**Q** 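Take a look at the following structure, please.
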Number of protein chains: 2
Amino acid sequence: MRRPGRPSGDRRDQRERLLDAALFHYANHGVTAASLRGIAETAGVTPAMVSYYFGGKAALLNAVVEERLLPVVAELRRHLDTLGDDAGALAKGFVSGMHATVERHPWLPSLWVREVLSEDGTLRELLVTHIAEQIPRRLAKSFARAQRHGHLNPELDPRLLMVSLIGLTLFPLAAAPLWHRIFDSEDLDSAALERHTLALLARGLETDHVP
Amino acid sequence: MRRPGRPSGDRRDQRERLLDAALFHYANHGVTAASLRGIAETAGVTPAMVSYYFGGKAALLNAVVEERLLPVVAELRRHLDTLGDDAGALAKGFVSGMHATVERHPWLPSLWVREVLSEDGTLRELLVTHIAEQIPRRLAKSFARAQRHGHLNPELDPRLLMVSLIGLTLFPLAAAPLWHRIFDSEDLDSAALERHTLALLARGLETDHVP
DNA sequence: TGAAATTAATTAAACAGTGATTTAAATCTT
DNA sequence: AAGATTTAAATCACTGTTTAATTAATTTCA
């Protein structure tokens, strides 16, 4: 085996590799099920490095949140700031923005959906604080304004609409790897999903069709 | 502490209590994270009883599936058999049937959503086989038929519609316990959610509004 | 009918495996 | 020589499972 000791060469990326490996395991197995041994192996180091760099398992999660998750939240918030009040534009902007973000951060949907449902509050605490509290609150406000302006059926509770919208957008994306097991086919591409979601949403948002 | 030995009185319900406790923990912590000690404590027995009655952790999961999950699947299938081809009726029937089922089995949404996303395949294998393969497949068929009959926009992929419908229906229900943390209010009752989901769905399903 | 034997149900404790964390040593850089 | 980085091994806590002991219920049979 390799002997202990400081290796030669530049090793400043060990920390970054640990963060990436942790995020990978969080998204694939859930925060609770992710083991330091697995994370360390993915990063190519020993589990003791986690204590050395971060101080422990909980501190590693904190670091992932600070340095990997919060930038994505900021990215989403910047996108939402460009949306107007029109209901159709809101739906379209939200879905396409979500898709663009997921394109660059493929672990986002499964991480989000999994942790929102998890009983282990650590990561959800953050998600609720930074994502659910800021982004949906802002969107819900826009929806309420759209209702006042008559663009949106006033009977719909904007908060419920918000929760459903998140589920409608993220759940199919997160479940995508299972499609072939559910439907015996893998040819359900993300473009089709986006078209479909947009169509379903845009219709649901229009106010002049009361069933 | 309590001494070992056969207790007095009728104890035929120990097994049932273990099944209920297991389902509770599966739904709340996930199948992998659920520990026998926790389950046994909830049931008011020692973990050794699990081995005694079922043979082990895996066998306990099997028993929960056989005696708690499959009856619910059968219940849902019976409900689906009463649905026709009309898109509006399908949406209404699916959602209201889902709500009625969830009313009696409150653990269903979080269990379903959590396990569909889980990397631990044991329970998902069953869910895909018995729920995802039978119910959505049947519904997707109905949707395709409705498309041929002109009741449903033929541009929408019925499989995608199916996945989104599950997300739209179950995700908000599963996220319900978090609402008050997201929106600072607990007054989002299940009736409002059903109204909202139905309205959004029924509009999305209508075929004459192409955006 | 009633005592003895047997079977069923239950527990505490022991065991083996795995996880996170700490420690001490080893190696490299400055 | 001093400080930083990394490892193997030790440690402690927890998990699923097994074991031996213990008590209640049931059966046997004189």
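Keep in mind that what you see is a predicted model, and the values were worked out from it rather than measured. Here is how names work: the chains are called A, B, and so on, in the same order as the sequence lines, proteins then strands, and each is numbered from 1.
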**Q** Can you tell me the distance, in whole Å, between the CZ atom of R15(B) and the P atom of dA8(C)?
**A** 16 Å
**Q** Nearest of dT11(C), dT22(C), dA20(C) to any side-chain atom of S51(A)?
**A** dT22(C)
**Q** Could you tell me how far apart E41(B) (CD) and dT10(C) (C1') are, to the nearest whole angstrom?
**A** 17 Å
**Q** Looking at dT10(C), dT22(C), dT6(D), which one has an atom nearest to any side-chain atom of Q14(A)?
**A** dT6(D)
**Q** Quick one, T42(B) with H25(B), criterion side-chain hydrogen bond (donor to acceptor under 3.5 Å, both in side chains). Give me CA distance, side-chain angles, the key distance, then yes/no.
**A** CA-CA 9 Å; T42(B) 300; H25(B) 279 255; 2.7 Å; yes
**Q** Tell me: CZ of F54(A) to P of dA20(C), nearest whole Å?
**A** 15 Å
**Q** Among dT11(C), dA8(C), dT23(C), which is the nearest nucleotide to the side chain of Y52(B)?
**A** dA8(C)
**Q** Give the nucleotide from the list dT11(C), dT21(C), dT15(D) with an atom nearest to the side chain of R37(B).
**A** dT15(D)
**Q** For the side chain of L36(B), starting at C-beta, report the closest nucleotide among dT17(D), dA12(C), dT21(C).
**A** dT17(D)
**Q** Go through the side-chain N and O atoms of D120(B) and T122(B) and say whether any donor and acceptor fall under 3.5 Å apart.
**A** yes
**Q** Give the rounded distance in Å between these two atoms: NZ of K57(B) and P of dT18(C).
**A** 14 Å
**Q** Please answer whether the main-chain N or O of A174(B) pairs with a side-chain N or O of S110(B) as donor and acceptor at a distance below 3.5 Å.
**A** no
**Q** Tell me: NE2 of H29(A) to P of dT18(C), nearest whole Å?
**A** 16 Å
**Q** On the nucleotide dT10(C), are OP1 or OP2 found under 4.0 Å from the side-chain N or O atoms that Y53(B) carries?
**A** yes
**Q** What is the distance from NE2 of H25(A) to C1' of dA20(C), rounded to the nearest Å?
**A** 16 Å
**Q** How is A33(B) classified with respect to the nucleic acid when contacts are heavy atoms under 4.0 Å: base, sugar-phosphate, or nothing?
**A** nothing
**Q** Using the side-chain heavy atoms of S35(B), tell me which of these nucleotides is nearest: dG16(D), dT10(C), dT7(D).
**A** dG16(D)
**Q** Without decimals, in angstroms, what is the distance between E16(B) CD and dA9(C) P?
**A** 14 Å
**Q** Looking at the side chain of M49(B), which of dG16(D), dT11(C), dT21(C) is the nearest nucleotide?
**A** dT11(C)
**Q** Between E155(B) and H196(A), do the side chains contain an N or O donor and an N or O acceptor separated by less than 3.5 Å?
**A** no
**Q** Restricting to non-hydrogen atoms, name the atom on F143(B) and the atom on M162(B) that form the minimum distance, rounded to 0.1 Å.
**A** CE1-SD, 4.0 Å
**Q** Once you apply a heavy-atom cut-off of 4.0 Å, does A34(A) come out as touching a base, just sugar-phosphate, or nothing?
**A** sugar-phosphate
**Q** Of the options dT22(C), dT11(C), dT18(D), whose atoms approach the side-chain atoms of T46(B) most closely?
**A** dT11(C)
